[in-house]
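Read the structure below first, then the notes.
By convention in this document, chain letters (A, B, ...) are assigned in the order of the sequence lines, proteins followed by strands, and residues within each chain are numbered from 1.
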Amino acid sequence: MSQEKRELASAFVPSAIEGSLYQKWIEAGYFTADAASSKEPFTIVIPPPNVTGNLHIGHALDQTLQDCLTRLKRMQGYEALWLPGMDHAGIATQNVVEKQLAAQGLSRHDLGREDFVKKVWEWKAESGGQILGQMKRLGDSVDWTREAFTMDENLSAAVLTIFKKLYDQGLIYRAERIINWCPRCLTALSDIEVEHHDDAGEFVQVRYGDGEQSIVVATTRAETMMGDGAVAVHPDDPRYKHMIGTEVLLPLVNRMIPIIADELVDPEFGTGAVKVTAAHDPNDFEMAMRHNVPFVVIMNEHGVMDGTGTEFDGMDRFDARVAVVAKLKELGRIVAEKRPYVHAVGHCSRCDTTVEPRLSKQWFVKVAPLAKAAGDAVRDGRVKIEPAELAPRYFEWVDNMHDWCISRQLWWGHRIPVWYGPDGDIVVVGPGEKAPNGYTQDPDVLDTWFSSALWPFSTLGWPQNTADVKKFYPTSVLVTGYDILFFWVARMMLFGLFAMDGVPPFHTIVLHGLVRDQYGKKMSKSRGNVVDPLEFIDKYGADALRFTLARGSNPGKDQALAEDWVAGSRNFATKLWNATRFAMMNGATTDGPLPDSASLSAIDSWILSRVTETALEYTELLESYEFARASEVIYHFAWDDLCDWYLELSKEALASGNAAGTQRVLGYVLDVLFHLLHPIMPFITEELWTTLTGKKTLVTSAWPEVDKKNLDKKSEKLIGELQKIVTEVRRFRNDQGVKPSQKIPARFIAPNDVMAYQSAMAFLLKLELVELTPSASVEIGDMKVELDLSGTVDVVAERARLEKDLITAQKDLKTAEVKLNNEGFMAKAPANVVAEIKERLAVTTADIERITAQLAALK
RNA sequence: GGGUGGUUAGCUCAGUGGUAGAGCGCCUCGUUUACACCGAGGAUGUCGGGGGUUCGAAACCCUCACCGCCCA
């Protein structure tokens with residue numbers, strides 16, 4: 001298995017290794033999962049990016065986390081499947097192609113349905129799916145042999161199957177309702193495809209009727225008044241009680257309409273009287289149903305006034321609003337007006353056009369029973385939401401979900417499998433079935449999220465009972481941003497539980513936040529603060545971007561991202577590269593067993609202990625989706641413990657010619673480190689590890705099983721002492737203005753276990769262990785380093801240093817004293833805490849004595 | 001209006017009862033052969049305000065202020 005050992009290039013250049021490594025992985029088939037394997041499965045399905053999409057920074061985060069988990073589990077011996085694919089993204093994609101047509105002066109109607117859809121497929125084949133290539137740049141270990149698209153044949157069969165099943169159980173129905181309508185896209189929208197934001201509108205009060213028999217209504221939509229069927233007041237409102245049941249004259253169209261009483265009316269709002277426009281407002285629709293108010297349609301699908309029989313017909317709704325108010329003013333019917341009146345208005349999430357509530361016949365999913373099951377699965381713990389704090393949001397939505405409007409007046413998507421007979425009867429056609437002769441199919445298509453909701457099993461071959469379904473369903477973890485909890489996650493729960501006999505589509509939902517700019521502001525094109533992940537990959541490498549994103553990813557929290565931080569991660573990668581180069585130059589090896597612990601130096605025992613602790617802690621953090629904390633732990637181990645201390649403390653030993661133990665320990669530590677880091681930084685770890693070991697790949701190499709016997713508190717304590725001495729002497733040298741390169745004669749006075757490492761410390765500190773007449777000393781507790789500065793001691797600097805130490809010690813002493821003099825503390829604090837404070841008191845007291853004596857001797 | 005998260009070093013954020021942390025930035029010194037994409041040292045905080053619980057609070061409770069997100 002061993003290849004010829006290579007050498008590392010003197011500088012780390014990500015672009016020089018990434019492409020060829022990914023190629024190697026694909027060719028070797030490491031990412032291809034085996035449904036026949038006896039290993040326990042671990043499955044993630046990717047949140048399918050839109051076919052129109054490009055890799056943006058949010059994808060990069062989402063995918064980094066998924067790849068992390070997939071690679072971790074693969075190394076831990078699971079049959080890991082990360083399934084990639086794309087969503088056909090109905091409205092979004094249709095809009096893109098329509099725009100291209102518009103550039104040629106064409107509309108989709110010029111082509112006709114069949115040709116238009118053909119055109120979209122062509123476009124999909126040509127330029128769709130760019131993102132898949134971009135995923136390779138990121139290093140995603142997805143199984144390309146299983147790539148899926150929501151409009152693939154078998155995924156479409158899944159759509160037909162579930163539609164029919166829902167219909168047969170009475171969970172899909174057709175009804176005339178007020179739905180959200182986009183007058184630009186000319187289609188119905190579901191509730192969540194509508195975004196509410198504040199617009200500057202107007203709020204006018206209009207007098208209906210005359211004299212005694214008049215009432216003033218308040219409205220933001222004067223133009224719809226011609227469709228009014230009633231005026232509503234609160235039943236207990238004393239101002240209007242006497243008028244309930246009477247009629248008033250509706251101006252402009254001169255129709256008599258009744259005054260009705262309904263609890264829905266808020267007497268505090270406006271004048272306490274509202275117009276009821278049943279066909280153009282969802283609340284009014286509800287009231288109208290209760291009171292038998294007629295539905296008067298006064299607008300067409302384009303949002304243009306139509307059918308009022310007035311001069312306003314043919315005007316756009318917003319123009320009509322102005323014209324209607326002007327006319328009412330002329331008639332002396334405007335009592336008050338407020339302009340601008342800022343209030344929340346719904347907009348199409350795809351094109352931002354103001355949504356128009358519209359009475360129309362659409363298909364709906366009856367969600368109540370499905371949503372109940374989806375809520376229960378989380379409530380009873382079968383599905384976990386991470387972090388748990390986000391579960392209330394899920395419940396809030398699932399427990400209050402309205403029926404889901406699933407028909408879209410589009411051409412791109414899964415056509416509704418409903419056929420209408422000549423006598424108005426309905427046939428729902430499942431996969432492989434045919435409608436009777438003479439039937440015509442419903443022209444509409446299904447909401448994109450209808451097919452995405454089936455993703456965790458349609459991608460595995462369902463409705464057929466494939467080997468993949470058996471092996472990989474239910475999937476393990478779903479990783480996605482909290483922003484699509486409602487759009488997608490909840491709907492997968494609804495349909496997954498329904499289709500798969502109550503087996504939820506995943507056992508854990510891992511929600512991450514959004515990536516924001518370096519000041520925590522939302523990224524947007526208009527702000528101009530959008531960053532391009534590919535640019536970062538080009539500049540700093542995929543590993544650097546991935547590490548930055550992982551390091552910033554606290555569960556469910558948004559993260560800020562700055563280019564500087566990506567550069568910092570690149571620096572970390574370079575550090576690893578150089579450390580490995582150094583290790584290899586000094587004979588680090590992974591061959592043979594680890595030396596017996598008794599034969600190791602405390603320095604070697606210490607780093608073994610640290611790497612063991614780190615591996616245990618880090619693994620646990622990754623397994624609990626704590627990516628930021630895991631990254632932090634591994635970063636500090638690698639940079640601080642390994643590079644800053646272990647490598648430095650080992651230089652003397654490595655140069656001594658008697659370094660076999662250290663060479664082997666160093667090899668082991670790097671071996672473990674590269675394994676641990678591989679899920680986050682796959683490229684550089686693969687390169688370094690294969691070079692170091694001569695082995696083939698880390699991708700399928702087993703996750704480290706560290707031995708707790710290597711945990712060694714004694715060595716950790718001893719090395720802690722060494723670190724204190726080194727730091728204090730460095731500080732002394734710095735304060736004294738001694739050049740780092742200047743060698744100073746010195747002598748250590750310390751306990752034997754510390755003295756054993758005096759040459760290693762001397763090497764670090766540029767001290768010469770020779771006979772000397774000390775002119776200065778650095779004291780750390782009961783340890784001392786005497787130095788010969790040839791009489792050049794800067795007394796002022798030294799006094800300042802000691803005085804600062806004294807102040808710190810005195811402060812520490814005081815807090816310890818206060819606690820120990822506190823009767824309550826002594827009586828109630830746990831014994832170990834009291835002991836700790838007593839110890840602190842003893843140490844600081846000794847420090848103060850020592851420093852005071854030094855100061856006295858210094859004048 | 002309902003729900004929910006936040007307010008900790010200049011910036012972005014960790015830190016769920018026992019002497020306040022990280023990264024970046026800042027200051028000083030330094031080309032000691034792994035690394036200047038570096039090393040060493042240093043400065044910087046009434047942990048949003050007020051009250052309470054506790055021997056002890058950045059952390060737990062109450063309250064106020066401000067910022068954000070989701071839903072209406």
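- A/Phe12 has its ring centre less than 6.0 Å from the ring centre of A/Trp577.
- Between A/Arg840 and A/Glu836 there is a salt bridge, with a side-chain nitrogen of the basic residue lying less than 4.0 Å from a carboxylate oxygen of the acidic one.
- A gap of 15 Å separates the P atoms of B/U16 and B/G21, to the nearest Å.
- The aromatic rings of A/Phe487 and A/Trp449 sit tilted relative to each other, their planes meeting at an angle between 30° and 60°.
- Atom pair A/Asp399:CG and B/A72:C1' shows a separation of 16 Å (rounding to whole Å applied).
- Atom pair A/Asn554:CG and B/G6:P shows a separation of 12 Å (rounding to whole Å applied).
- Heavy-atom minimum distance, A/Val194 versus A/Gly346: CG1-CA, 3.6 Å.
- Side-chain to base pairing of A/Arg570 with B/C37: one donor and one acceptor N or O lie within less than 3.5 Å of each other.
- As judged by a 4.0 angstrom heavy-atom cut-off over every strand, A/Met826 is placed among residues making no nucleic acid contact.
- The phosphate of B/A14 has OP1 or OP2 within less than 4.0 Å of a side-chain N or O from A/Lys557.
- Here, B/C37 and B/G25 have their P atoms 12 Å apart, quoted to the whole Å.
- Distance CG (A/Asp517) to C1' (B/U12): 10 Å, rounded to an integer number of Å.
- Rounding to whole angstrom units, CG of residue A/Leu485 and C1' of B/C71 are separated by 13 Å.
- Closest approach to the A/Glu396 side chain among B/C38, B/A14, B/C70 is made by B/C70 (side chain taken as heavy atoms from C-beta onward).
- Residue A/Lys814 places none of its side-chain N or O atoms closer than 4.0 Å to OP1 or OP2 of B/U19.
- If you check every strand for non-hydrogen atoms under 4.0 Å, A/Ala579 touches a base.
- Of the candidates B/C35, B/G30, B/C55, B/C35 carries the atom nearest the A/Asn578 side chain, counting heavy atoms from C-beta on.
- Note on A/Asn822: every side-chain N or O is 4.0 Å or more away from OP1 and OP2 of B/G56.
- Between the P atom of B/A57 and the NZ atom of A/Lys819 lies a distance of 9 Å, rounded to the nearest Å.
- Here A/Arg393 does not reach the OP1 or OP2 of B/U4: none of its side-chain N or O atoms lies under 4.0 Å away.
- Considering only side-chain N and O atoms, A/Lys575 lies under 4.0 angstrom from the phosphate OP1 or OP2 of B/G39.
- Atom pair A/Trp397:CH2 and B/C70:C1' shows a separation of 12 Å (rounding to whole Å applied).
- Taking the C1' atoms as reference points, B/G56 lies 41 Å from B/G1, given to the whole Å.
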*Could you run through nucleotides 40-46 of chain B and give me one letter per nucleotide, 5' to 3': B if any protein heavy atom sits under 4.0 Å from the base, S if only the sugar-phosphate is that close, - if neither?*
BSSS---
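- At the heavy-atom level, A/Tyr540 lies nowhere under 4.0 Å from the strands shown.
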Could you write out each protein N or O paired with an N or O of nucleotides 20-23 of chain B at a distance under 3.5 Å?
from: B/A22; atom 1: O2'; to: A/Glu632; atom 2: OE2; distance (Å): 2.6
from: B/A22; atom 1: O2'; to: A/His636; atom 2: NE2; distance (Å): 3.4

*asked:* Please evaluate residues A/Glu728 and A/Arg730 with respect to the criterion salt bridge (Lys or Arg N to Asp or Glu O under 4.0 Å), reporting the C-alpha separation (whole Å), side-chain torsions for both, the decisive distance (0.1 Å), and the verdict.
replied: CA-CA 5 Å; A/Glu728 281 305 306; A/Arg730 280 171 173 166; over 6 Å; no
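- Taken together, the paired segments of RNA chain B that extend over three or more consecutive Watson-Crick or G-U pairs, each closer than 3.5 Å at both contacts, are B:1-7 with B:65-71, B:10-13 with B:21-24, B:26-30 with B:38-42, B:48-52 with B:60-64.
- Look at CG on A/Leu514: it is 16 Å from C1' on B/U12, rounded to the nearest Å.
- Looking at heavy-atom distances under 4.0 Å, A/Asp564 makes contact with sugar-phosphate atoms alone, never a base.
- A/Glu389 comes within 4.0 angstrom of no nucleic acid atom, judged by non-hydrogen atoms across all strands.
- Salt bridge status for A/Glu356 with A/Arg221: present, with a side-chain N to carboxylate O gap under 4.0 Å.
- A cation-pi arrangement is present between A/Lys651 and A/Phe582, with the terminal nitrogen or guanidinium carbon under 6.0 Å from the aromatic centre and inside a 45° cone about the axis.
- Note: CG (A/Leu767) to P (B/U32) measures 17 Å, nearest angstrom.
- Between A/Glu632 and A/Arg629, none of the side-chain N atoms (NZ, or NE/NH1/NH2) sits under 4.0 Å from a carboxylate O, so this pair counts as no salt bridge.
- Using modelled atom types, one finds a donor on one side chain and an acceptor on the other under 3.5 Å when comparing A/Glu652 with A/Ser759.
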